[in-house]
Structures are given as C-alpha cells and as structure tokens.
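Below: one structure, written as structure tokens.
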Amino acid sequence: MRCQQSPAQAHPASRSIRTPTSQVFIINGSGDGAFYPGLLILKKMTHDPININCVFNEAIQLHQAGDYQKALLQYELILRHAPNHAVILRLMALAHKSLGSQVEAMHFFERSLNALFQPDVFHELARAYSENNRAVEFIERYLPQGLLLNTVHELFRIGQQLNDQQCYQGAEIVLHRAVELHPQQPQLSEQYTKALFFNGKYAEAADQYLRLLRLKGVNPEDREIIVSTPMHMRDYCNQKTSTRYICLKKESPMLLEKVVPYGVELKTEPPLIGIEPEFYIAEIDNITFVSGYNFLIGENNSTIYDLAVHPLSERYDLTMSDPFVKYATSKKLLLDLPSSTNTQAEFEYGILLSGLSCGTWAHWILEYAPCFWSLNQFPEYLHVPILADEQIFADPHVKETFEMLNGTRPVIPLQTGKRYFCKRLVVPSRLVHLPHDLKVDRVMDYHDCCISKTAVDFLRTNLNRTSSSTTRPKIRIFLPRSDSPYRRLRNEDEVQKLFEEFGFVAIQPQQLSYQEKVDTFAAAEAVAGGGGSGFMNMIFSPPGTTIISIISDTMMKHTLGSTLFKFLDLRLFTIVAPSIPGSHLLPYHRDYTVDPTLIRKLLLELWPRGK
C-alpha cells in the first residue's frame, strides 16, 4: 500500500488530540467513527528506519476499510516504539471492539486512559464495563477521574445503566454528580430519585421527587407524596381496634395443574403445589383510595396492599400499570396521589369493588366477580351500597354479570383515577392470586398465579343462565386473537384455515350478546385458539369439552388456565410454540409462531374424518 499523508486542513470537522510525547493525530470529530491520519512527530525515533507516518496512515486506511486484524498489526508495530501512546491504544481498543473482543477492548481502553485521561476514552470504557455487567467495578476504579468531567450526558447514561442493573449505590454517586452539574434536567432527576429510593434513602427520594414534579411543571400543592410501609389487610386490622377482619378460609396448599405440551412424553413428577390465598372480609375506617387501582391508604398514611407483601412480591412490578405507585419494594412504597383537596367524594359506608383491569373480561371473571361469594356470606351487606369503578359498566358482558351477581344492592359508580374517601369501607378479598405485571427481567413461574376452586364453582353456578343449548347442534369454535396488542399468533390466518378444514367456526365472543355467548359455549364440542381471555368463557361449557390451547414457550409455567380447566373438568390439549424474541418487552407477552403440522397431527387424532 502506498504511503500518503493527509493534511489536517483537508478535514475541517477534525480535531487534534495531543499527547505528552509531542505526537499529534488528527481524529475525525463528526461522530461517524472514522479516523483520518495527520502529522505524526516522533522526535525521539529519528534513528529508527521505520517510517512511522507511513505505518500509521496504512493502519488508519485498514481500520476505515474494516480490516481490523491487519490494522491491529500496524498499531502493534507503532506501539513497539511508543508503548504508552494514548491514541494508538484507543484505536486498538476500538478495533478489538469492532471484532467483538470485549475483554481486549477494555484492556486497551484502560491502557489508553492510564496513559492520558481523555473524556471520550472514559466514556467508552464506562460503556464497555456496563455492557459487561461490571459497572460497579468501573465506578470504584475510575469514578474519581470521571467526576472531574464537566459533562452530564455520559454520567446520566452510566447512572441509568446502573439503575437498570440494580446497582443503586453506584447509580446514586454518579447521578448525584450529574444533578449537581445540571439540576434542571427532569430525566436526571427521575433517575436520581430512583437510585435514592432503592438505596433506602426514602426521605431524600421523596424530596427529590418533589423537585422532579416542579421540573415537569406540576404544582406540588396539587399532589400528596406518601412514603409508607405496605401491609397485608390482616396485619393492618390487627393494629386497629375499630376494624373488623373475618377470615373465611385460611391460606392453604392446593394442587396446581402443570401445562403438558402435546407431543411431549409424560414424565412421572412430584405434584405441583401452590398456595391458595386467604379469603377474608374486612371493615376498615377512614380509608382513602384511588378508584381503579389496588392500594388503600389507611390512618397515618398506612398503605394496605396485599400483593406488595406477598412472598413473591419482588418478582412483580407494581408500577407498570399503576401511575400512582412510582416506586415499590416489599418494604416501602412511594405514592403520588391527588391532594386531599382534590377528593372526588366522601362516603359514610360502602363496599369497594375496584382495582386494576376490573372492567376487562378475564380479570373481572377471575378476580372481581368471585368477591360476591364472600359478600354473600353476610346478609347484613345486602343493602350496603357497592362502590364500583366505572370500568365495570363499560363492557356489556361485565356489566351484565355484575348485575346478576349484585342483586338489589345499591350501586355508586366511581371515576377511574379519582381520589375518594370512605368513613367505613367493606373490602372483600380476591379469591385468586394474580399479579398484573411481572418485572421485565422475570419469566413466568408456576407459583405466580393461583386460582381457587371455590371461585370457579361459584362462577359456574351463578353465571350459567338457563340456556337453549340442549336444542342446538354441537359446534367447534376457533377464537381469533389477531386484534390483541400482545401474545399474538403470527401465523393465525394459516392456523385458522387449518381448523376450518375440521369444521371449526371463528367466533369473536365480545361481539355476541351475553346470552348468545352463554349458549354458544354451552353448545361447544371443542374450543381452540391462541391462549387468551376468550378461554375464560369455558365456564359456560359442559364437562368433557375439548380445548386446544396454543401458547408460547414463555407461558409454559402459567398454570392458571390449566388449573381452571381441570376444575371445570375439561379435556385440554396444549400446543407450545416458540416465542419471537423482541416482540414484546415482557417475555410472557411475546408473539409466537406455531408449526401447522403439529396441529394437523392432533386434529387428525381427534377427528380422523375431518368435519
């Protein structure tokens, strides 16, 4: 390769980096990662016959062309004459990084930084440590140099990564410095608040959160920020003499039904045991709540939140679907509520029926409708008004089943997201353990959900209206899921056509009237489709009905459906398909694609003659 010099003035976007040995390289400052050769002066090496400028120019050309291995050979040749040359060391680090050699890249970034402190190298080394899950180690070794920087962007990025990696002590140190440099940046303040909270500095976190509100243009006078210790309802009532807590059924072990994939040989395994939650009715005084959400605020800002103190609570994300819970652990919650002056209404006495997703069919059937089993144990509650969130009345099927179960109790609709106060509140517990969201780094496990047979029997007995199904011919139902925002069967059109060959008819349950839905599922010989809320309508199907549930491999340990179908005495076949990485932030909500040949094989086993 011919040696050519490229004058610095030919690259107006370039900037020079000087080293203590009077060596000058011109490095492109455009941010595109390209490097341009400039004047190299090695006064101490005039006796060496090697033309360093020529070697350097050749190395740069190779680097730009993507031939990193040959470029490294040229850089090594230069290092023989200048072993501590900061820029050459950095170029070697970048070449190794491009080759995917992270350990080598970190080694040369460190050598470059030790030879000469350069902000860019500091940033690159920080990124390399973070990408290798060694951010805390980087903080301990290099943060004193990094804090000398008058730059915020990289400190913010490092702090955010440390927060994401749950390295809150290091995150607090970095973000504290960043906030000092740029106190008016909301994103910085938000990350700093998070680091403070999870580092156990709750009062400081609350103060910083108030500053964050001001930065966002929110008047703190319109909000009430509460840091409190979450409690189970039982523990709260034990502290208050004026409360009433009645245990209807103690927490107890129960048998869970494992998902058994079709085509997989059955193995003899020990039974899978879950924990059925305690059933209770509580009456508590002077309670603040936000309709449509799960927490209750008692006296002295105590927070009643059963799920927050569940033994598996660290697996659950209580903030993802709840805009009022800003930060949460099993020990502390930071809540951001409308101020007491914004209380929508006050009630003397009422029964609360409200919570996350209370108006969606699946959550209503599983979590909220069974609350009437508890209420029905007490005749004195027949005339106490139900404080019901407005979501319950938005879905016609939910509304109709609510009216069937509620009977003659008066009803007071509540606005979702509004603050209310009740002097004497009746709270029936949920008969199912069903966290709304797992943390993004968690996958579904067997014990994350648990449904009670008591709840299933109650629903089947009370929601099955007298139906005309006995006079209707049996049908095979396919449940499309293409309109769902998550857990979609990507090749559903192909799969649906395959089921139609075997006499299945596509039905959207939400488009039927309630009575039509009851009659349709009561007449079902078989129901198939991607796993979702449509299968909750199986409570209307007779024992022995065949279910073909197609799920992703990330839902293999979700035992709620399989246990429900066991209680209903249904015949379940589960086809497990590989999930598509990156199709959803939460692994258990990923889309998936199923092998049609596996479905055809099952259908031929069940119906050899097709239709």
Check your understanding: Does a side-chain heavy-atom distance below 4.5 Å link R419 with N342?
Key -> no
Point to revise | side chain to side chain donor-acceptor pair (under 3.5 Å) partners for T229, two or more places apart | key: K332
Practice item. Verify side-chain contact (heavy atoms from CB on, under 4.5 Å) between L353 and L387, making sure each step is shown before the conclusion. Key: CA-CA 6 Å; L353 195 63; L387 309 178; over 6 Å; no
Point to revise | Shortest non-hydrogen contact from H232 toward I304 | key: C-CG2, 4.5 Å
Review point. With a cut-off of 6.0 Å (strictly less than), are more than 12 heavy atoms of other residues, nucleotides or ligands near NZ of K399?
Key: no
Exercise for review: Answer yes or no: is there a side-chain heavy-atom contact under 4.5 Å between V218 and L212?
Suggested key: no
**Study point:** Sub-4.5 Å side-chain heavy-atom contact between H447 and L272
**Key:** yes
Review point. Does D222 have any side chain to side chain donor-acceptor pair (under 3.5 Å) partners at least two apart in sequence or in another chain, and if so, which?
Key: none
Review point. Between CG of L175 and CG of L162, what distance do you get to the nearest 0.5 Å?
Key: 7.5 Å
Point to revise | Derivation and outcome, side-chain contact (heavy atoms from CB on, under 4.5 Å), residues F421 and I287 | key: CA-CA 6 Å; F421 179 83; I287 298 299; over 6 Å; no
Check your understanding: ring pair (Phe, Tyr, Trp, His ring centres under 6.0 Å) between F458 and F372: does it pass, once the steps are laid out?
Key -> CA-CA 9 Å; F458 172 77; F372 285 100; 7.6 Å; no
Review point. For V432, does its backbone N or O pair with a side-chain atom of S452 as donor and acceptor, under 3.5 Å?
Key: no
Review point. Does a side chain donor of either N537 or W361 reach within less than 3.5 Å of an acceptor in the other side chain?
Key: yes
**Study point:** Whether over 12 other heavy atoms sit under 6.0 Å from N300 CG
**Key:** no
Exercise for review: For K201, enumerate each residue passing the side chain to side chain contact (heavy atoms under 4.5 Å, CB included) test, keeping only those at least two apart in sequence or located in another chain.
Suggested key: E172, L196, N199, E204
Point to revise | From CD (Q191) to CD (Q208), nearest 0.5 Å | key: 11.5 Å
Review point. Could you go step by step and tell me if L463 and Y514 meet the side-chain contact (heavy atoms from CB on, under 4.5 Å) rule?
Key: CA-CA 10 Å; L463 295 183; Y514 180 75; 3.6 Å; yes
Check your understanding: So do Y592 and I550 actually touch side chain to side chain, heavy atoms under 4.5 Å?
Key -> yes
Review point. With distance as the sole criterion, is a donor-acceptor pair present between the side chains of E221 and N219 under 3.5 Å?
Key: no
Point to revise | Pairwise side-chain contact, F565 with E257, heavy-atom cut-off 4.5 Å (strictly under) | key: no
Donor-acceptor contacts under 3.5 Å from residues 233-241 side chains, at least two apart:
| unit_1 | atom_1 | unit_2 | atom_2 | d |
| --- | --- | --- | --- | --- |
| R234 | NH1 | E278 | OE2 | 3.4 |
| Y236 | OH | E299 | N | 3.1 |
| N238 | ND2 | R234 | O | 3.3 |

Exercise for review: Could you label the plane-to-plane angle of the H589 and Y486 rings as parallel, tilted or perpendicular, counting under 30° as parallel and over 60° as perpendicular?
Suggested key: tilted
Check your understanding: In chain order, what residues pass the salt bridge (Lys or Arg N to Asp or Glu O under 4.0 Å) check against E348, with sequence neighbours excluded?
Key -> K423
Check your understanding: Where the side chain of S354 meets the backbone of G292, is there a donor-acceptor pair that is under 3.5 Å apart?
Key -> yes
Point to revise | side chain to side chain donor-acceptor pair (under 3.5 Å) involving Y305 - partner list, sequence neighbours excluded | key: none
**Study point:** Taking every non-hydrogen atom, the tightest pair across W373 and Q377
**Key:** O-NE2, 2.6 Å
Exercise for review: Taking atom types as modelled, find out whether Q160 and R157 have a side-chain donor-acceptor pair closer than 3.5 angstrom.
Suggested key: no
Practice item. Identify the two heavy atoms, one from V456 and one from F567, that lie closest to each other, and give their separation to 0.1 Å. Key: CG2-CD1, 3.9 Å
Practice item. Indicate yes or no for a side-chain donor-acceptor contact from D389 to the backbone of L356 under 3.5 Å, with no hydrogens or angles considered. Key: no
Exercise for review: Of all the heavy-atom pairs spanning Y368 and G355, show the shortest one and how long it is.
Suggested key: OH-C, 3.1 Å
Review point. Is it true that the side chains of W364 and T401 contain a donor and an acceptor less than 3.5 Å apart?
Key: yes
Review point. Can you tell if the side chain of E190 reaches within under 4.5 Å of the side chain of L215, non-hydrogen atoms only?
Key: no
Check your understanding: Can you find a pair of side-chain heavy atoms, one from F295 and one from V290, that are under 4.5 Å apart?
Key -> yes
Check your understanding: How many angstroms lie between CE in M444 and OG1 in T554, if you round to the nearest 0.5 Å?
Key -> 8.0 Å
**Study point:** side-chain contact (heavy atoms from CB on, under 4.5 Å) assessment of F197 paired with Y168
**Key:** CA-CA 9 Å; F197 180 86; Y168 301 116; over 6 Å; no
Exercise for review: Any pair with a residue in residues 300-322 that passes salt bridge (charged side-chain N to carboxylate O under 4.0 Å, His left out), sequence neighbours left out, goes on the list, sorted by first then second residue, please.
Suggested key: E314-K439, R315-D448
Revision key, fill the gap. When every non-hydrogen atom of S330 is compared with those of S313, the smallest separation belongs to CB-OG, 3.5 Å
Review point. Is a side-chain donor-acceptor pair under 3.5 Å present for S321 with D437?
Key: yes
Exercise for review: Only counting residues at least two apart or in another chain, list the ones meeting side chain to side chain contact (heavy atoms under 4.5 Å, CB included) with C450.
Suggested key: M254, L256, H433
Point to revise | Short side-chain to backbone donor-acceptor contact, Y588 and L438, under 3.5 Å | key: yes
Review point. Excluding sequence neighbours, so at least two apart, what forms side chain to side chain contact (heavy atoms under 4.5 Å, CB included) with D395?
Key: H397, V398
Practice item. Scan for salt bridge (charged side-chain N to carboxylate O under 4.0 Å, His left out) pairs involving residues 359-388, sequence neighbours excluded, and state none if there are none. Key: R244-E380, E367-R430
Practice item. Quick one: list whatever passes side chain to side chain contact (heavy atoms under 4.5 Å, CB included) with P370, sequence neighbours left out. Key: L431, A455, L459
Practice item. Could you tell me which non-hydrogen atom of I547 sits nearest to which non-hydrogen atom of L570, and how far apart they are? Key: CD1-CD1, 3.4 Å
Check your understanding: What is the distance from atom OG1 of T303 to atom CG of L335, rounded to the nearest 0.5 Å?
Key -> 5.0 Å
Review point. Quick one: are Y349 and V426 in side-chain contact, heavy atoms under 4.5 Å?
Key: yes
Review point. Got a donor-acceptor contact below 3.5 angstrom from the T360 side chain to the A362 backbone?
Key: no
Practice item. Could you grab the distance from atom OG of S533 to atom NE2 of H363, nearest 0.5 Å is fine? Key: 9.0 Å
Review point. Who passes side chain to side chain donor-acceptor pair (under 3.5 Å) against Q185, sequence neighbours left out?
Key: none
Practice item. Kindly compute the distance separating CG (L572) from CE (M538), expressed to the nearest 0.5 Å. Key: 9.5 Å
